[in-house]
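This structure is a prediction, so every number in the text was calculated from the model and none was measured. Along the sequence shown, residues are numbered consecutively beginning with 1. Computed over heavy atoms, backbone and side chain alike; hydrogens, waters and symmetry mates excluded.
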Amino acid sequence: MPQYFPPQANQLLRWLLIGGGVFLVLLVAGMVYVSRTVNDRVGVPVAQPIGFQHSLHAGELGLDCRFCHTTVEVAASAGIPPVETCMGCHSQIRVDTPELTALRASWDNNVPIQWNRVHDLPDYAYFDHSAHVNNGVGCSSCHGQVDQMDGIWKTERMTMGWCLECHRAPETQVRPLSEVFNMSYERPHNQLELGHELVATYSIDPDKLPQCSTCHR
């Protein structure tokens, strides 16, 4: 019976299978890496219908986060300010500024401004702003130095692993409630000592935070 395949055929097939397996593993790993780094949009400014400058409002003018995000202490969502909030100032200040044309049009036509979302957690992850800010988690811990941003963008990847770093050790992040909205707050040198005291004061259960049901309901 004639031999149709060369003697090296078995060895070649073996290496093709090994190479294919390695390629598949590298492909999956590469896709995961891209989705969690390159595609997470960290540091990429999100274009908005109005060029709202956080550095001016929260920075130079010193507006408190709660002036615009009114429900951050009482609801899961921090809230997006309605046009009425903006016009409370801009009906008197910089009224004819070209940059505010879209704002005036929204007010005159009674059409809400369609802001573009910056942070968009998946539906299977439950996040409550009020639960965090009322337990000593500062705005800048998740959103960065917003008071220094001309626009707005993500400063953290906000993956499950990133969230669990805090949930497993809340004492490393919590701060006094009086400092939650302080964008200039810096963690003290005795953060762990203070953090353990605050965890007890806020009745935070370190054993419950890492549980799946805390965020996945």
Determine yes or no for a side-chain-to-main-chain donor-acceptor pair under 3.5 angstrom, with H167 supplying the side chain and L209 the backbone.
yes
Under a 4.5 Å cut-off applied to non-hydrogen side-chain atoms, are K154 and V118 in contact?
yes
Check whether any side-chain heavy atom of V146 lies under 4.5 Å from a side-chain heavy atom of C139, and answer yes or no.
no
Is L103 reachable from L63 through a run of I, L, V, M, F, W or Y residues, each pair having side-chain heavy atoms under 4.5 Å apart?
no
Can you classify the ring geometry of H119 versus H143 as parallel (below 30°), tilted (30 to 60°) or perpendicular (above 60°)?
perpendicular
For G79 and T71 the tightest heavy-atom approach is N-OG1, 3.4 Å
Under 3.5 Å: donor-acceptor pair, side chain of N116, backbone of P49:
no
Is it true that F181 and L194 fall in one hydrophobic cluster, defined by side-chain heavy atoms closer than 4.5 Å?
yes
Quick check on the hydrophobic clustering: are L100 and W107 connected, directly or via other members, by side-chain heavy-atom contacts under 4.5 Å?
yes
Does atom NE2 (H216) have a neighbourhood of more than 12 heavy atoms from anything else shown, all under 6.0 Å?
yes
Value rounded to 0.5 Å, distance of CG in D150 from CD in Q53:
5.5 Å
Nearest 0.5 Å please: distance from the OG1 atom of T201 over to the CG atom of N135.
11.0 Å
Spacing of S106 atom OG and R104 atom CZ [to the nearest 0.5 Å]
12.0 Å
To the nearest 0.5 Å, tell me how far E99 CD sits from T97 OG1.
6.0 Å
Check for a donor-acceptor pair, side chain of H54 on one end and backbone N or O of G151 on the other, with a separation under 3.5 Å.
yes
Check step by step if side-chain contact (heavy atoms from CB on, under 4.5 Å) holds for I113 and V83.
CA-CA 7 Å; I113 298 172; V83 178; 4.0 Å; yes
Looking at N110, I want to see if its CG is surrounded by more than 12 non-hydrogen atoms of other residues, nucleotides or ligands under 6.0 Å.
no
Write down the atom of P98, the atom of T101, and the distance for their closest heavy-atom approach.
O-OG1, 2.7 Å
Scanning both residues in full, the closest heavy-atom pair of R175 with G138 reads CZ-CA, 3.5 Å
Is there a side-chain contact between L198 and P176, using heavy atoms and a 4.5 Å cut-off?
yes
Would you call the rings of H57 and H90 parallel, tilted or perpendicular if under 30° counts as parallel and over 60° as perpendicular?
perpendicular
Can you confirm whether I50 sits close enough to W115 that some side-chain heavy atom of one is under 4.5 Å from a side-chain heavy atom of the other?
yes
Is there a side-chain contact (heavy atoms from CB on, under 4.5 Å) between R217 and Y126? Walk through the geometry before answering.
CA-CA 7 Å; R217 304 179 179 183; Y126 176 76; 3.3 Å; yes
Show your working on side-chain contact (heavy atoms from CB on, under 4.5 Å) between E197 and E171 and close with a plain yes or no.
CA-CA 8 Å; E197 294 178 2; E171 67 277 2; over 6 Å; no
Does any part of the side chain of M160, heavy atoms only, come nearer than 4.5 Å to the side chain of C215, both counted from C-beta?
no
Taking every heavy atom of M183 against every heavy atom of C65, the minimum-distance pair comes out as SD-SG, 4.2 Å
Determine, step by step, whether S140 and Q145 satisfy the side-chain contact (heavy atoms from CB on, under 4.5 Å) criterion, reporting the C-alpha distance in whole Å, the side-chain angles of both residues, the deciding distance to 0.1 Å, and the verdict.
CA-CA 6 Å; S140 59; Q145 298 301 134; 3.9 Å; yes
Any heavy-atom pair between the side chains of M158 and C142 that's under 4.5 Å?
yes
Can you find a pair of side-chain heavy atoms, one from T155 and one from M149, that are under 4.5 Å apart?
yes
For F67, is the CZ atom crowded, meaning more than 12 foreign heavy atoms sit under 6.0 Å from it?
no
Under a 4.5 Å side-chain heavy-atom rule over Ile, Leu, Val, Met, Phe, Trp and Tyr, are V42 and W153 clustered together?
no
Please report the shortest heavy-atom distance between V180 and G136, naming the atom on each side.
CG2-CA, 3.9 Å
Evaluate the side-chain proximity of F52 to I152: yes if any heavy-atom separation is below 4.5 Å, no if none is.
no
What heavy-atom pair brings A75 and D128 nearest, and what distance separates the two atoms?
O-OD1, 3.3 Å
Rounded to the nearest 0.5 Å, the CD atom of E156 sits from the CH2 atom of W162 at a distance of 5.0 Å
Rounded to the nearest 0.5 Å, what separation is found between the CZ atom of R117 and the CD1 atom of I80?
8.0 Å
